[in-house]
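Just below is one structure, and these are the notes that go with it.
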Amino acid sequence: MNRIDAKFAALKKKGEAALIPFVTAGDPDMATSLKILHALEEGGADAIELGVPFSDPMADGATIQRASERALKGGATLPRVLEMVRKFRRQSSVPLILFGYYNPIFRYGLRRFVRDAAAVGVDGVLCVDLPPEESGELARHAAKAGLDLIFLLAPTSDGERIRLVARKGRGFIYYVSVTGVTGARQQLEGHLQSQVERIRRYSRLPVGVGFGISRPEHAARIASFADAAVVGSALIAELEKTARNADKPKRAAAFIRRLKRAMRQVAKPSHQRAG
Amino acid sequence: MKSSKNSSLPRKAPDRHGHFGIFGGRYVSETLMPALIELERAYCKARRDPAFRREFHRYLHAYAGRATPLYFAERLTKKLGGAKIYLKREDLCHTGAHKINNTVGQILLAQRMGKRRIIAETGAGQHGVATATVAARFGFPCDIYMGKEDVARQSLNVFRMKLLGARVKVVESGSNTLKDAMNEALRDWVTNVRTTYYLIGTVAGPHPYPMMVRDFQSVIGREARRQILSMEGRLPDYLVACIGGGSNSMGLFYPFLRDSRVKMVGVEAAGSGLGSGRHAASILGGEIGVLHGSKSYLLQDRNGQVRDTHSIAAGLDYPGVGPELSYLRGRGRIRFVSATDREAMAALQELARVEGIIPALESAHAVAEVIRLAPRLKKSQVLIMNLSGRGDKDMGTVGDYLGVTL
């Protein structure tokens with residue numbers, strides 16, 4: 001059992017949902033970024049999505065675009081991101097998912113990427129612009145290395161696409177809660193719970209919900225019916241509030257602690273009680 | 001003269017997943033996948049529908065001004081002393097470039113699909129103007145995304161779009177040019193996908209756009225084929241077109257692809273020179289990559305980050321290229337060359353003085369290649385160049401370049 005599966009299994013026993021923060025690797029620089037990763041774990045992150053910066057982040061809103069730009073300006077590259085994961089892994093067993101766009105991985109070489117990523121301790125990969133239809137080659141390499149290739153589903157996905165992702169996806173299914181780009185929202189969409197329940201009819205994989213989750217009460221609501229809440233832009237915006245790099249890890253830990261506390265206070269998800 | 005058919009090219013490209021060999025495909029976020037599948041189905045249905053085809057051709061004729069002439073450039077031919085040069089006069093289309101062919105086709109499709117709003121990206125502003133034009137004609141609200149740098153250098157087209165009732169949304173990110181406008185248009189589309197039609201202006205992007213835009217633009221090549229057969233009684237020896245994303249070149253080339261004796265030359269923008277690092281020649285200077293929904297040649301660094309590009313022609317200033325062109329390069333069907341800013345500027349002036357035609361700076365890249373190529377060919381040979389647009393929009397840029405204040 002890999003770290004992602006083990007984590008979801010352990011949380012299920014406790015009747016808890018996972019909190020998965022997203023940060024862009026190398027934002028604002030590689031050293032601070034590594035400290036932020038440790039702080040996220042300390043704050044209670046159950047897994048971490050680590051964004052690989054890309055010059056053209058067309059699925060991202062303004063906040064993550066800025067994070068990408070800062071990281072690239074600071075010299076972040078995929079090899080450096082992998083090096084950072086290697087350092088992080090020496091002291092941590094938190095599941096780690098690389099999250100980004102396909103081109104940097106394609107350019108690195110799919111086989112080489114999967115080998116190197118698995119070797120440094122990456123557990124899963126999610127490319128926003130790589131739907132299951134185009135994922136064949138990466139999926140084959142990933143399966144051999146024991147790396148989970150994670151796919152997205154969206155409010156626009158019909159039954160046929162849910163079936164496809166259920167068949168091809170590994171680790172968990174990432175449900176995009178809004179039709180739109182990443183970014184904090186004031187309110188969550190109304191039909192989230194029924195959408196997640198719909199996905200469960202097709203798949204036994206855990207379902208995480210992301211895009212637009214920004215407040216403790218959002219995370220708590222997600223925890224009441226889904227297996228994970230992903231929080232990205234709101235966390236990055238929180239870190240942008242201080243210009244001092246030395247203060248960022250502390251802020252990250254405090255922010256995650258608040259969300260995690262809110263999530264723990266909700267009742268066990270009903271499907272998990274039943275399971 | 002009968003042409004020999006080229007049997008090495010598959011009859012049907014792309015395949016049903018939108019792949020041209022290893023190129024093309026659909027690399028987009030899940031939210032857009034259902035919309036692309038819906039679009040593909042709607043297009044394939046429309047394409048088979050005689051009523052749709054009739055309507056398309058009716059608007060191309062009565063509204064866009066087709067057929068465009070195939071003009072024998074007699075003075076340029078004489079001056080260069082080689083092959084007979086014909087110009088396919090897309091510059092005479094309504095709105096001043098070939099872009100209208102595609103926007104007419106797609107707006108009819110958007111109407112059929114019951115979409116309520118149109119968005120588009122634009123570089124030089126020609127596609128933006130062509131989109132704003134059909135949006136006005138068919139009564140759609142329309143937002144055009146345009147990079148800040150392009151807004152500055154193509155202010156005339158910005159004003160035209162506004163007059164036509166479109167909103168021009170200025171994009172300030174990355175290099176402030178066409179690729180960033182496309183990023184922003186994709187962000188809009190992913191947010192409003194249920195009601196909005198994304199009208200892509202070139203043979204790039206995710207499937208079915210490369211196929212669909214090619215089909216709509218191939219009216220250029222079909223006309224040229226008919227015209228040259230009637231004027232010369234035979235097929236041309238060479239076709240020449242400039243390449244940014246590739247819509248005017250695919251439009252001209254496609255109906256000749258299987259005529260193996262017809263040689264094809266694509267002219268990329270070499271900017272300050274291929275060795276300078278400041279250019280937009282994706283095929284000659286790029287590596288295979290994935291951007292904006294398809295796999296194709298891409299100007300990128302060794303870490304897969306997309307590089308800033310440069311061309312004096314805003315419409316060529318794009319780091320990618322249509323996947324079918326990458327595929328045809330691999331099959332050796334198209335030869336790719338480049339022209340620098342300087343060569344294009346000289347060619348623009350040459351065509352203006354010799355033939356009384358001021359080409360768009362984009363098309364001037366093709367003229368530059370014709371000036372190099374024609375003298376090396378026999379007088380009995382025939383060449384068709386796609387004069388994809390007219391130069392009115394570029395007068396500010398040309399004036400600056402020549403040190404003239406307008």
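The figures here come from the full heavy-atom set of this structure, side chains too, leaving out hydrogens, waters and symmetry mates. Quick note on labels: first sequence line is chain A, next is B, and so on, each numbered from 1.
Qualifying side chain to side chain contact (heavy atoms under 4.5 Å, CB included) partners for A:Ala31, counting only residues two or more places apart in sequence or in other chains: A:Asp29.
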Self-check item: Audit row: A:Arg215, A:Gln186, side chain to side chain donor-acceptor pair (under 3.5 Å) steps and yes/no
Solution: CA-CA 9 Å; A:Arg215 301 175 177 182; A:Gln186 293 296 313; 2.7 Å; yes
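Closest heavy-atom contact between A:Leu78 and A:Val52: CD1-CG1, 4.0 Å. Across all their heavy atoms, A:Leu152 and A:Val165 have their closest contact at O-CG2, 3.8 Å. Taking all atoms of both residues into account, the shortest heavy-atom contact from A:Ala117 to A:Leu147 is CB-CD2, 4.1 Å. Considering every non-hydrogen atom in both A:Leu235 and A:Phe22, the closest pair reads CD2-O, 3.5 Å. Between A:Pro21 and A:Ala47 the shortest heavy-atom distance is CD-O, 3.1 Å. Residue A:Val125 comes nearest to A:Ile97 through the heavy atom pair N-CG2, 4.2 Å, listed as atom of the first residue, atom of the second, then distance.
Contacts between A:Leu72 and chain B at a heavy-atom distance below 4.5 Å involve the side chain alone, from C-beta outward. For A:Pro53, the part sitting under 4.5 Å from any heavy atom of chain B is the backbone (N, CA, C, O) and nothing else. Looking at B:Ile37, only its side chain comes within 4.5 Å of chain A, counting heavy atoms on both sides.
Note: B:Val28 leads B:Leu186, B:Leu291, B:Val28 in heavy-atom pairs under 4.5 Å with chain A.
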Check chain A and chain B for donor-acceptor pairs under 3.5 Å and report each one on its own line.
| residue | atom | partner | partner atom | Å |
| --- | --- | --- | --- | --- |
| A:Pro53 | O | B:Gln305 | NE2 | 3.0 |
| A:Ser55 | N | B:Gln305 | OE1 | 2.7 |
| A:Ser55 | OG | B:Val306 | N | 2.8 |
| A:Asp56 | OD1 | B:Lys179 | NZ | 3.3 |
| A:Asp56 | OD2 | B:Lys179 | NZ | 2.9 |
| A:Asp56 | OD2 | B:Asn183 | ND2 | 2.8 |
| A:Pro57 | O | B:Arg187 | NE | 3.4 |
| A:Pro57 | O | B:Arg187 | NH2 | 2.8 |
| A:Asp60 | O | B:Arg187 | NE | 2.9 |
| A:Asn103 | OD1 | B:Val290 | N | 2.8 |
| A:Asn103 | ND2 | B:Gln300 | OE1 | 2.9 |
| A:Asn103 | ND2 | B:Gly304 | O | 2.9 |
| A:Arg107 | NE | B:Asp301 | O | 3.3 |
| A:Glu134 | OE1 | B:His19 | NE2 | 2.9 |
| A:Glu134 | OE1 | B:Tyr27 | OH | 3.3 |
| A:Glu134 | OE2 | B:His19 | NE2 | 3.1 |
| A:Glu134 | OE2 | B:Arg26 | N | 2.7 |
| A:Pro155 | O | B:Arg194 | NH2 | 3.4 |
| A:Thr156 | OG1 | B:Thr31 | O | 2.9 |
| A:Ser157 | OG | B:Glu30 | OE2 | 2.9 |
| A:Arg161 | NE | B:Glu30 | OE1 | 3.3 |
| A:Arg161 | NE | B:Glu30 | OE2 | 2.6 |
| A:Arg161 | NH2 | B:Glu30 | OE1 | 3.0 |
| A:Gly180 | N | B:Val190 | O | 3.4 |

